[in-house]
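Atom set for the values below is all heavy atoms of this structure, side chains included, hydrogens, waters and symmetry mates excluded.
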Amino acid sequence: MAPAVPTTMDRPHFIGIGGAGMSGIAKILAQRGARVAGSDAKESATAAALRALGVTVHIGHAAGHLAEDATCVVVSSAIRQDNPELAAAAERGIPVVHRSDALARLMDGLRPIAVAGTHGKTTTTSMLAVALDALALDPSYAIGGDLHGPGTNARHGAGEIFVAEADESDRSFHKYAPEVAIILNAELDHHANYASMEEIHESFEIFVGRIRPGGTLVVSADQEGARELTRRLAGRTGDVRVVTYGESEDADVRILDVTPRGLTSEVTVLLDGRELSFGVSVPGRHYANNAVAALAAGVALGVPADDLAAALGKYTGVGRRLQLKGEAAGAQVIDSYAHHPTEMTADLEAMRGAAAGSRVLVVFQPHLFSRTQELGTEMGRALALADASVVLDIYPAREDPIPGVTSAMIIDAAREAGADVRAEHDMAAVPDVVAGMVRPGDLVLTMGAGDVTDLGPRILARLES
């Protein structure tokens, strides 16, 4: 039985309630019986889903949206200090709670698995949530994307396990105290908050230090940033058990083989001295690695390995992670959330493996000026893995423009790497552009963390016409 809603959160107000992390916490609180309200910049399917749970959702931000009896205001790091609802909370003395603190409170009294890493958090968290649910363990979960099956990013379950995506971008994952922590990888990203890999490693070390006594750290044996973290932690984890996974010969849970099967794959691992094979319903070695991390974490909580392996085959994907949007004119349109060069490379390599000789076309939207400034060259080189690419203007999200930082940085680097790439400044023109490029058998990827995802249905409609 999950703990009751904390008194200070029984009538919470969320600023930016439509966000992936914020909406998940709001849903769980509503399902636990809290009277939830909030605001968001625009109408969305997420707002509609929240209203279906009895949540009051205001569109736009205004001081008047904050109810007289609100017990706290929940914010994320993206909320600016001049937000009128935040200012009203300060004037009225209403406590302001960061979303990470709110999520940490929801995990109190349960057995949390916190999934961290620069890439792959959403997929791995989703795999665990689906598999544990398939085993009738009824977990609670909070994820940064919507699961294909349940169609939601969060749920309050009656079981004792809580699976949560642990975000390192603003160091908010330091608030959690998991029984099992997963670290998939550690790379330099979120340049507004981290100046060096040294800072990244220090941040992950603090996260590891939050694991409950007697708990387990599951960490990649392959990715160099994760291996360096393991070296730094040697002899310093106390009674926290460290379990490594991956293709490296020294991995505790060793991946022996990943066999591509179109848009799926089969993975074979060596676990506790015996081989175990299971299917993964998404393509690519990186997703197979995510599934093995999920397997190791579940086993650390006491879930039988054979049962969990079979249940992981129930996972059918999460929104925006190589999500098939449809097929038209003989071409498949797939949506990818990849926005860091490592993610872009992994997804494009997965698509090359699935294409079976057909072409891979990409519509890429860079995400954040700071990320483009630091990694634009690497983004361009990643696009050389596609047969042809269309690059849109930078999606700013929470950032103000940086003088001289534009998509041209990516395009120039892509051309230097031999890529066939063109710029497109008008998103409305993209469906026609793609229709002029596509041939039967092509795979078309809409790629990026911004509103490029909206183009998939429009491209399909244009191809059908």
Side-chain angles (χ1 to χ4, degrees), residues 2-108 122 125 140-147 150-156 162 164-167 169-173 175-176 319 397-398 449:
V5 174
T7 303
T8 55
M9 296 175 65
D10 60 358
R11 294 186 302 282
H13 179 91
F14 287 73
I15 303 177
I17 198 168
M22 296 283 274
S23 62
I25 297 167
K27 287 174 184 176
I28 293 172
L29 280 168
Q31 289 165 353
R32 286 195 186 180
R35 202 171 76 216
V36 182
S39 63
D40 205 47
K42 61 182 180 180
E43 197 61 72
S44 64
T46 301
L50 287 163
R51 290 192 186 102
L53 290 173
V55 177
T56 299
V57 181
H58 302 280
I59 302 303
H61 298 292
H65 293 334
L66 185 59
E68 290 296 326
D69 61 350
T71 52
C72 71
V73 169
V74 184
V75 299
S76 71
S77 299
I79 302 303
R80 296 179 183 247
Q81 290 301 309
D82 61 358
N83 182 282
E85 293 160 29
L86 188 57
E91 289 174 8
R92 290 162 50 185
I94 299 173
V96 176
V97 179
H98 191 274
R99 70 171 178 85
S100 58
D101 290 302
L103 181 56
R105 292 186 200 177
L106 293 179
M107 290 190 274
D108 284 346
T122 298
T125 312
S140 296
Y141 56 81
I143 306 171
D146 286 343
L147 296 175
T152 184
N153 60 334
R155 191 190 69 179
H156 159 58
F162 195 121
E165 189 169 327
D167 183 13
S169 66
D170 56 0
R171 296 178 171 84
S172 61
F173 67 160
K175 305 291 180 65
Y176 312 136
R398 57 191 175 274

Checklist entry - Is there a donor-acceptor pair closer than 3.5 Å between any side-chain N or O of R51 and the backbone N or O of V57? => result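 Between the backbone of V57 and the side chain of R51 there is a qualifying donor-acceptor contact (under 3.5 Å).
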
So which heavy atom on [X] is nearest to which on [Y], and how close?
X    : Y    : answer
A164 : T125 : C-CG2, 3.9 Å
G38  : I17  : CA-CD1, 3.9 Å
E165 : Y176 : O-CE1, 4.4 Å
A41  : I59  : O-CG2, 3.8 Å
S100 : S172 : CB-CB, 3.3 Å
N153 : G24  : ND2-N, 3.5 Å

With a 4.5 Å heavy-atom cut-off, do [X] and [Y] have their side chains touching?
X    : Y    : value
V74  : I25  : no
L103 : K175 : no
V97  : T8   : no
M22  : D40  : no
S140 : L106 : no

Checklist entry - Taking only residues two or more places apart in sequence, or in another chain, which ones meet D69 in a salt bridge (charged side-chain N to carboxylate O under 4.0 Å, His left out)? => result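 For D69, the residues satisfying salt bridge (charged side-chain N to carboxylate O under 4.0 Å, His left out) (neighbours in sequence not counted) are R11, R35.
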
[X]: which residues meet the side chain to side chain donor-acceptor pair (under 3.5 Å) condition with it, sequence neighbours left out?
X    : result
T71  : D10
S169 : D167
R155 : D133, D138

Next on the checklist: Please report the interatomic distance CD1(I79) to OG(S39), rounded to the nearest 0.5 Å.
Outcome noted: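 So the gap between those two atoms works out to 7.5 Å.
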
Next on the checklist: To the nearest 0.5 Å, what is the distance between CD1 on I94 and CG on L66?
Outcome noted: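 That separation rounds to 4.0 Å.
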
Next on the checklist: Show every ring-ring contact (aromatic ring centres under 6.0 Å, His included) that has at least one partner inside residues 13-62, sequence neighbours left out.
Outcome noted: H58-H65

Next on the checklist: I'd like to check the ring-ring contact (aromatic ring centres under 6.0 Å, His included) partners of F173; sequence neighbours left out, ordered by chain and number.
Outcome noted: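 ring-ring contact (aromatic ring centres under 6.0 Å, His included) list for F173, sorted by chain: F204, F207.
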
